[in-house]
Peer 1: 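One structure follows; several queries about it will come next.
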Amino acid sequence: MKKRNLETICIHGGWKPGKGQPQQLPIYQSTTYRYETSEQMARLFDLKDEGYFYTRLANPTNDAVARKIAALEGGVGAVLTSSGQAANFYAIFNICQAGDHFITSNTIYGGTFNLFGVTLKKLGIECTFVDPDWDDERIEACFRPNTKCFFGETISNPGGNVFDIERFAKMAHRHGVPLIVDNTFATPINCRPFEWGCDIVTHSTTKYMDGHATQVGGAVVDSGNFDWETCTHRPTPNPSLAGRGEDSSTTEMVTTPLPTRERLGEGRFPGLCTPDESYHGLTYTKAFGKMAYTTKLVAQLMRDLGSIPAPQNSFLLNLGLETLHLRMARHCENAQKVAEWLEKNPKVSWVNYAGLPSNKYYALAQKYMPNGTCGVIAFGLKGTKEEAIRFMDSLEFISIVTHVADARTCVLHPASHTHRQLSDEQLREAGVAPDLVRLSVGIENVEDIIADLEQAMKNIEG
Ligand SMILES: *Cc1c(COP(=O)(O)O)cnc(C)c1O
């Protein structure tokens, strides 16, 4: 496809109907695919022919939506998963195994915090949580010989902290490992992490990408820029990719590989750089080049763990993606007005929204997301926790839901809802103040949103 802008990819990416074919992406609600001879089927299993055979490994509806998301992010490939949790698990597990280690920002989604700190630990994968505000020296001291990647969220859920992608990409690359960024809140409409040196992007498509609270899903996108064999970041312009903004990652980040580095990947990323006996003895990097990471994720992890989305869900996700560019602009415009209103409200003790010039992350947000960040605002109310609860219970059309990043304005108190399994200390470590209220500003009329907040505030002392 010719280089297109994001808005056009939202509509046309992934599915190009031919003559007489359905204009809208069809739902291939089928587990399997028919062949006429046993020989045809055998050739598929021998990897001599390409074709669909079982939906756990590939499905035309899922693939079309994955292609759209890959194009939006500017990646070489993407895989859809059944949830955002599965996406983050697969992204890490595709390059880490028992005995390995990775580093993550500590300001991340509560579910990811548990996945990394508890469940991956049970699988023998250890992770170090770092505060992105620490200086380079302190964070770099956390790298170990068995460190396999660095992880962060573009805009953290629920705290709203902005991750300095370029800084951490350079740091990860200095240590010969990729940077993985969860881009759920910004979406590729507002931020494209690959342009700043990030190697792999993950999404909970449950949020803005769907945008209408209809399906739970996730995606893992590969930039194709990390050379697993030499353990270096080697951005190469991909002419077929969409692009507003070119790849800004500079050549200075590409460390010239020493002769001995050529075999470094075999030790560091054996899953990608040495033969997979469970998959025809193929070596993914040799057989699939820039598609090595994506192919391994499907051929090995999807095959064995199977967290695929239902084709019906991918269809719904695709409908959401068709208007993502329109919705994100309105989410940001509304949230900006609500954040400014909250900041002036005497009953509000603090507001964290990176679009506010007073915000600690304002400069970073301007750099990475000049068109706006997202619709999610974190704020604290003066007074007791009970008053915060009374405020939420007094809201009229703004609803109390676990969900976030959706067309409908909604609210949540992480300390008593999503993050209630974390101790106060862990809450603070995850950047979640006990009085934090997460307000996800929707795309209703902003005056109505503010009016609802205002009438609910009347019920608290402040
Ligand atoms: C919601 C969320 C997840 C988890 O996604 P699910 O689709 O709920 O499994 C991961 N990361 C971020 C930033 C999220 O907001």
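Note that the structure is a prediction, hence the values are computed from the model and not measured. Counting starts at 1 for both ligands and their atoms, in listed order. Computation of the quantities below employed the complete heavy-atom set of this structure, encompassing side-chain atoms and omitting hydrogens, waters and symmetry-equivalent molecules. Along the sequence shown, the residues carry numbers beginning at 1.
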Peer 1: Relative to F379, does K347 satisfy both conditions: NZ or CZ under 6.0 angstrom from the six-membered ring centre, and within 45 degrees of the ring's axis?
Peer 2: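 Not satisfied by the 6.0 Å and 45° rule.
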Peer 1: Report the residue from K148, R144, R268 that forms a salt bridge (Lys or Arg N to Asp or Glu O under 4.0 Å) with D100.
Peer 2: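 Of the listed residues K148, R144, R268, the salt bridge (Lys or Arg N to Asp or Glu O under 4.0 Å) partner of D100 is K148.
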Peer 1: In chain order, what residues pass the side-chain contact (heavy atoms from CB on, under 4.5 Å) check against E444, with sequence neighbours excluded?
Peer 2: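 Only F397, R408, T409, I449 meet the side-chain contact (heavy atoms from CB on, under 4.5 Å) criterion with E444.
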Peer 1: For Y28, enumerate each residue passing the ring-ring contact (aromatic ring centres under 6.0 Å, His included) test, keeping only those at least two apart in sequence or located in another chain.
Peer 2: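 ring-ring contact (aromatic ring centres under 6.0 Å, His included) list for Y28, sorted by chain: empty.
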Peer 1: Can you say whether the rings of F143 and H175 are parallel (under 30°), tilted (30 to 60°) or perpendicular (over 60°)?
Peer 2: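 The rings of F143 and H175 lie parallel, inter-plane angle below 30°.
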Peer 1: Quick check for students: name every N or O atom pair between ligand 1 and the protein closer than 3.5 Å, with distances.
Peer 2:
{"residue": "ligand 1", "atom": "5 (O)", "partner": "S204", "partner atom": "OG", "Å": "3.0"}
{"residue": "ligand 1", "atom": "7 (O)", "partner": "G84", "partner atom": "N", "Å": "2.9"}
{"residue": "ligand 1", "atom": "7 (O)", "partner": "S204", "partner atom": "OG", "Å": "2.8"}
{"residue": "ligand 1", "atom": "7 (O)", "partner": "T206", "partner atom": "OG1", "Å": "2.6"}
{"residue": "ligand 1", "atom": "9 (O)", "partner": "G84", "partner atom": "N", "Å": "3.0"}
{"residue": "ligand 1", "atom": "9 (O)", "partner": "Q85", "partner atom": "N", "Å": "2.9"}
{"residue": "ligand 1", "atom": "11 (N)", "partner": "D182", "partner atom": "OD2", "Å": "2.7"}
{"residue": "ligand 1", "atom": "15 (O)", "partner": "N157", "partner atom": "ND2", "Å": "2.8"}
{"residue": "ligand 1", "atom": "15 (O)", "partner": "K207", "partner atom": "NZ", "Å": "2.7"}

Peer 1: Sequence neighbours left out, what passes side-chain contact (heavy atoms from CB on, under 4.5 Å) with D435? Give chain and number order.
Peer 2: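 Here the qualifying residues are S349, W350, A433.
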